[in-house]
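First the proteins, then the strands, lettered A, B, ... as listed; each starts at 1.
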There are 2 protein chains.
Amino acid sequence: MEELPRYRQVYEALRQAISEGRYAPGDLLPSEHDLCQRYSLARPTVRKALDQLVSDGYIQKHQGKGSIVKGAPRGIGILSLSGTTSAVGRPDFFTRIILKPELRPWTEAFGFPINAAEQQAGCIYFERLRVLDDAPVFLDITMLPNIGLPNFTSYNLENASLFNFLRTQYQIVVTGGMQQLLAIRADKRQREYLHVKSGSPILQLNRKIETSRPGFHIYSQVFCSTRKYGLIGTF
Amino acid sequence: MEELPRYRQVYEALRQAISEGRYAPGDLLPSEHDLCQRYSLARPTVRKALDQLVSDGYIQKHQGKGSIVKGAPRGIGILSLSGTTSAVGRPDFFTRIILKPELRPWTEAFGFPINAAEQQAGCIYFERLRVLDDAPVFLDITMLPNIGLPNFTSYNLENASLFNFLRTQYQIVVTGGMQQLLAIRADKRQREYLHVKSGSPILQLNRKIETSRPGFHIYSQVFCSTRKYGLIGTF
DNA sequence: CCTATAAATTTGTATATACAGGTTGTCAAC
DNA sequence: GTTGACAACCTGTATATACAAATTTATAGG
């Protein structure tokens, strides 16, 4: 197991504390000076952790005052960098495999161009359904190139974030990406999985996700019924 | 005029250079060491500028290699921090005022709670239509509290980014915000303005935007037809 | 009690430095 | 020519330090 950088450890600790409500919205986080002493770190290191929390929307900083907790970014944070499951972080959020990972040739990648190496390697394709409160919320179609992923199809992705899975199994981490948003009418298949009526408007999200492995991209298409839950993101 | 911090100056300079294509996608930015010498700055200062460019999606960094230009974030960047008009940056992108700014009492703020001071001050309300290629794309409803905005209603917001306007006229800058995304069926009014058929699915975006002025928020609701253009964002 | 001033606290900006770790190119050995 | 070792270069992480600027708290004076 690889050791996380120290600023990352502080970030994770504070992030978890906020997520669990140990720091409530409106509370002041310990001052940078305090955090330095608690973790035996220099101020720039602690500041790096806090900067990350700011950009993730967990806290706000005010000069002369301190770091004010805003709380965990609410809702279904699919618009943020974190993987869906980890971002949601609710115990009643389940993932159901509709179609197990299988190898097939590339046809298209949700409108995104794919490079020659990806085309050559073939496509690992699988479909998952995300369920919250016994109600289906996402229909999630994922495609990734079959490059350096031994035994991928034999693993079970049930209730595991794909991003965490790639990180722990293959040391692949997400570095960014782009996404396209559309409002569409649900077709027959989406109606059945998402339990919506005929012609209901649903969100379609096409994502191309970049990773630490050069040339390795994850292509993801998400259909989402926003009748009960809207997608929420902070910026 | 206030002097920008030095890391911000470097950020703005590089950002502009990338936007103008002086660094093309795929190019390597000068190394941190080079940038330090050019701007006579220490490395942490330059790194702070580069970190910002990374999080804004302009560049990618690779250890041992350098900073690779990705280019200016494309598409209709309504999901990003920048204001709509400035983010789009296309000459054929027009803003038409549907309802001029007027003062009215607050009724609701697109589901977001408003604080007592905002409630007390009253609401500046206006509606705009964003047009691209002679086709309407956004219907944009904006509400902001009438706090310290002298003569606001007398200005003309036509073809001016609200964010730029607030910054230049009132020194109010956007620091962040949250947004909620829904897929809905267009109602009669939205149909007419967006030129879509009855019952067409459209995107609804509710945003609460935070500013450098404490307690001053901008509430914005956007309806968007994604038939021709999908909303695009990077992360 | 209230007010104005000063001090303490806290975050913002900036520098200088050191070493670790990944990438690329060079150059000698085979 | 190919390989392998090494050097040069680049970003990543971390520390120590200094001063500026905003806020809060304490203090002294009325």
In Å and rounded to the nearest 0.5 Å, what is the OG to CD distance from B:Ser220 to B:Gln179?
->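 It comes to 9.5 Å.
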
Taking atom CG of A:Leu162 and atom CZ of A:Phe126, what is their separation to the nearest 0.5 Å?
->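 Between A:Leu162 CG and A:Phe126 CZ, I get 4.5 Å after rounding to 0.5 Å.
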
Between [atom2] of [N] and [atom1] of [X], the distance in whole Å:
X       : N      : atom1 : atom2 : result
B:Leu4  : C:dG12 : CG    : P     : 16 Å
A:Leu28 : C:dT9  : CG    : P     : 16 Å
B:Gln60 : D:dG12 : CD    : C1'   : 16 Å
A:Asp51 : C:dT11 : CG    : P     : 12 Å
B:Gln63 : C:dT24 : CD    : C1'   : 14 Å

Which parts of residues 31-47 of chain B get close to DNA chain C, meaning a heavy atom less than 4.0 angstrom away?
->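 Here the set is B:Ser40, B:Leu41, B:Ala42, B:Arg43, B:Pro44, B:Thr45.
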
Output the residues of residues 6-14 of chain A in contact with DNA chain C, where contact means a heavy atom of the residue under 4.0 Å from an atom of the strand; sort by number or write none.
->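 Here the set is empty: none.
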
Side chain of A:Lys61 (C-beta onward), nearest among D:dT13, D:dT11, C:dT11 |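 Minimum distance to the A:Lys61 side chain belongs to C:dT11.
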
Which of parallel (below 30°), tilted (30 to 60°) and perpendicular (above 60°) describes A:Tyr219 and A:Phe112?
->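 Rings of A:Tyr219 and A:Phe112: tilted, as their planes differ by 30° to 60°.
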
State yes or no: are the ring centers of A:Tyr125 and A:Trp106 separated by less than 6.0 Å?
->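 Between A:Tyr125 and A:Trp106, the centre distance exceeds or equals 6.0 Å.
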
Between B:Tyr58 and B:Tyr23, is the gap from one ring center to the other below 6.0 Å?
->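 No, ring centres 6.0 Å or more apart.
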
Can you find a side-chain donor-acceptor pair between [X] and [Y] that sits under 3.5 Å?
X        : Y        : result
B:Tyr39  : B:Gln37  : no
A:Gln16  : A:Glu12  : no
A:His217 : A:Glu210 : no

DNA chain D: B:His62 or A:Pro5, which has the more 5' nearest nucleotide?
->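 Checking each residue's closest nucleotide, the 5'-ward one belongs to B:His62.
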
A:Lys48 side chain near D:dT13 phosphate (N/O to OP1/OP2, under 4.0 Å) =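 Affirmative; the distance criterion is met.
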
Check whether any side-chain N or O of A:Lys65 sits under 4.0 Å from OP1 or OP2 of C:dT11, and answer yes or no.
->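 So the side chain of A:Lys65 is outside the cut-off, no N or O lying under 4.0 Å from OP1 or OP2 of C:dT11.
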
Decide, yes or no, whether a salt bridge links A:Glu102 with A:Lys100 under the criterion of side-chain N to carboxylate O below 4.0 Å.
->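 No salt bridge links A:Glu102 with A:Lys100.
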
